Every structure is written in structure tokens, then in C-alpha cells.
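Below is one structure, written out as C-alpha cells; comments come after it.
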Number of protein chains: 2
Amino acid sequence: MAPARTESDLSFLLDRTSHVLRTRMAAALAEIGLTARMHCVLVHALEQERTQVQLAELGDMDKTTMVVTVDALEQAGLAERRPSSADRRARVIVVTEKGAEVAKRSQRIVDGVHREALGALPDDEREVLLRALNRLVTGHLSIPVAAPPTARRARERAK
Amino acid sequence: MAPARTESDLSFLLDRTSHVLRTRMAAALAEIGLTARMHCVLVHALEQERTQVQLAELGDMDKTTMVVTVDALEQAGLAERRPSSADRRARVIVVTEKGAEVAKRSQRIVDGVHREALGALPDDEREVLLRALNRLVTGHLSIPVAAPPTARRARERAK
DNA sequence: TATTGTTATACTCTATAACTATA
DNA sequence: TATAGTTATAGAGTATAACAATA
């Protein structure tokens, strides 16, 4: 949370807007007991039958982060792990009836937060903003630069 | 690093662009041994005589984060702590000659990274993008929602 | 009493490594 | 051999609490 804020630069603008929007989103979703990740998984799992790795890929999370997210969804009774019929290693995430209800509400919440933010802009600016951001995301800013990989000691051998 | 990526939504766009830009900035500044925070402090300390809290405020960091940032700058010989003449509790951050040189280079790097990113956009889109982001930053998205304060155990008493 | 800078450390987050079962 | 899911935990980042010096 500490941008290089020289003046009105792009880094500051993007960091700030994304951070503030994220806090709003988190607070709004927290009211129904969800995190952004839980919402993300619910929505994608509803679209079609998907395994944890597939959902992790879509949400851009690590498979280990996926485990705790699915744990949370299961504990809340919103989703369940089911063995995949195609691959006995894999597990498919099935959204429960309650989960589907919640997903509907959370999607409305997400849309609302976005609408509220974009509502502060004149129509033409809003359109261009989204177009420009999309252009950056698909173009020059599509690939993150790899961070220097921090070495890691091997774990203690289990006996 | 796991946005709620339903489709082409604002959260995803802002998270993604700011994250990728941040990785590029970090990589570019790392080539001259700086972090974004170090650059930020250098620039602000050069503008005028400032204490650590003042610099922390400007860079939106905690004062304890400021300590390690100034430590790094001192170790690199780019800045020095000096007792403030006005307040004997406070320390003023003085940029060394070498630090001033580095700040010039890092500012060019920062500007270059921004120029490169914005260069991918048509002129009119670029202008509107910046205007719209500025409008959000100063308007609807100016204040982050406070995160639920996580309680913290008291520290072990020093003897 | 409040504030500056500091140290120590608790907490969160995320990813790596190793493991099991299966392909 | 490689992959899906899991567990345990390392490591980075950051913020909180307490403290000393000073206001």
C-alpha cells in the first residue's frame, strides 16, 4: 500500500483506484459472508462442471489457495467436492442450492459496486476508460514481469 | 493476486493493470538497486527538508515501514538521517549527492515505464483514461473502506 | 499527555516442497 | 513420468505494541 506517488502518475492512479475498489468490494461481499475469491469460484463453478485446478486457473490463484477457498465454501454449505467421473484424481466443485442463491446475490453486489464506481463518471469517459483498460490488459500490460524467484529451503523430511 | 474475474469487469481490469505495471516498475527500478518506496522517498526528500513521518505520510506507508526504507537508503549511501534543528525528536532525511544522481535516473525510469504503457493507447484514449482515473481517485474512490481491525495480543513485556 | 523514531514481533498471505493417489 | 489435490510450513510483507527521548 505504498505507491511511488510523485505526482499524478499512472502507477499511483491504478494502485489507488484498484486498492480502494478492492476494499469496497471486500466490505460489500463480507456482508453475506463471502470473499472475492469465494464469489469468483462460485460463479465459475456454476457455469459448468469444473475441477479445482480449472477454477484456480480461471481465478488466477494457486492450487493451494484454491484448497482453502473451497474449504471455506464447503464449511459455509455453499459448495461440495465431488469425485470427477472422468478423472479419479480430480474433484469437481458442485455448488449447492444455497450456494446458487448466494451467488446470485453476490453477483448483484459485485455489479452494484462497479456500477456505483463507474456512475461517478460521465458516460463518454466511462466508455473510454473501460476500452483503454481493456486495451492495456490485452496488450502492453498483459504479461507480468516475473519476480526474482526467492530460493526456498527444503522442508524437513517427514519420517 | 486473485481478482473476482467474472468477465471484463472493472475490478479485474484495475487489479490486473496495476499489478502488471507494478511488476514492470519493480523490475525496472531493481536494475539500479531501488524499490518503488526508495524512489518515492528519495524524490520527496529532495523536494524539501522532510522528517520520516512526513515522508511516510506522502508515500502512504506506516512509520515502521519507513524505518526499513530509510535503512536501505542509508546502507546504499543514497540518504542520511540528520537530527532536525526544529524538533529534537525528529530526524530529517538528507539525500546525498549520489542519492540525487540516482533519483534523477530513477525518475527517468519511472517516466519511461509510464510512457511505454500509455504509448500503447491512442492519444485521445490516453487523455480520457487519465482524466477518468483522476476523477475516481479524487471522487468516489478516494476513501478506502476500513478493514475489520484484527485484534492483536499484547507483546511480551520487556524486562 | 502526545509525538518521533525505534525495536521486536504477531499476523496475514501466498507459494514452495513434499506427499498420496491416480493417469 | 506427470498431474490433482492435500498438508505443512517458509518467507515476504506489514502493522501493532511497547519503549525512549523529547515536546
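Worth saying up front: this structure is predicted, and the values here are computed from it rather than measured. To find a chain, count down the sequence lines: A is the first, B the second, and so on, and within it residues start at 1.
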* Report yes if at least one side-chain N or O of B/Gln52 is closer than 4.0 Å to OP1 or OP2 of C/dT6; otherwise report no. => yes
* Please give, in whole Å, the distance from C/dG5 P to B/Arg50 CZ? -> 14 Å
* Asked: Nearest nucleotide by nearest heavy atom, which residue falls closer to the 5' end of DNA chain D, B/Asp62 or A/Ala90?
  -> A/Ala90
* Structure fact -> Closest non-hydrogen atoms of A/Gly77 and A/Thr96, given as atom of the first, atom of the second and distance, are O-OG1, 2.8 Å
* What is the distance from CZ of A/Arg82 to P of D/dG5, rounded to the nearest Å? -> 15 Å
* Could you state the atom-to-atom distance from NZ of A/Lys63 to P of D/dT7 in whole Å? => 13 Å
* Find the distance B/Ile93:CD1 to C/dT4:P and express it as a whole number of Å. => 14 Å
* Structure fact -> Among the nucleotides D/dG5, C/dT22, D/dA23, whichever has the atom closest to the side chain of B/Asp87 is D/dA23
* Using whole Å, report how far CG of B/Asp71 lies from C1' of C/dT6. => 9 Å
* Taking N and O atoms by type only, does the side chain of B/Thr64 place a donor or acceptor under 3.5 Å from a partner on the base of D/dA15? -> yes
* Nearest whole angstrom, please: distance from the P of D/dG5 to the CD of A/Glu74. => 12 Å
* Structure fact -> Closest non-hydrogen atoms of B/Ile93 and B/Ala45, given as atom of the first, atom of the second and distance, are O-CB, 3.8 Å
* Asked: Between B/Val113 and A/Leu13, is there a shared hydrophobic cluster once you connect ILVMFWY residues whose side-chain heavy atoms come closer than 4.5 Å?
  -> yes
* Can you find a donor-acceptor pair, distance only, under 3.5 Å between A/Arg88 side chain and C/dT22 base? -> no
* **Side chain of A/Arg89 (C-beta onward), nearest among C/dG5, D/dA4, D/dG5** => D/dA4
* Is there a side-chain contact between A/Asp87 and A/Thr51 (heavy atoms, below 4.5 Å)? -> no
* Which one, C/dT4, C/dT14, D/dT6, comes nearest to the side chain of A/Arg81? -> D/dT6
* To do: Apply side chain to side chain contact (heavy atoms under 4.5 Å, CB included) to B/Leu34 and B/Leu42, showing your working.
  => CA-CA 10 Å; B/Leu34 288 193; B/Leu42 274 187; 4.3 Å; yes
* So what does B/Thr51 touch, heavy atoms closer than 4.0 Å: a base, only the sugar-phosphate, or nothing? -> sugar-phosphate
* Asked: So what does A/Val53 touch, heavy atoms closer than 4.0 Å: a base, only the sugar-phosphate, or nothing?
  -> sugar-phosphate
* Round to a whole Å and report the spacing from CZ of A/Arg37 to C1' of C/dT12. => 11 Å
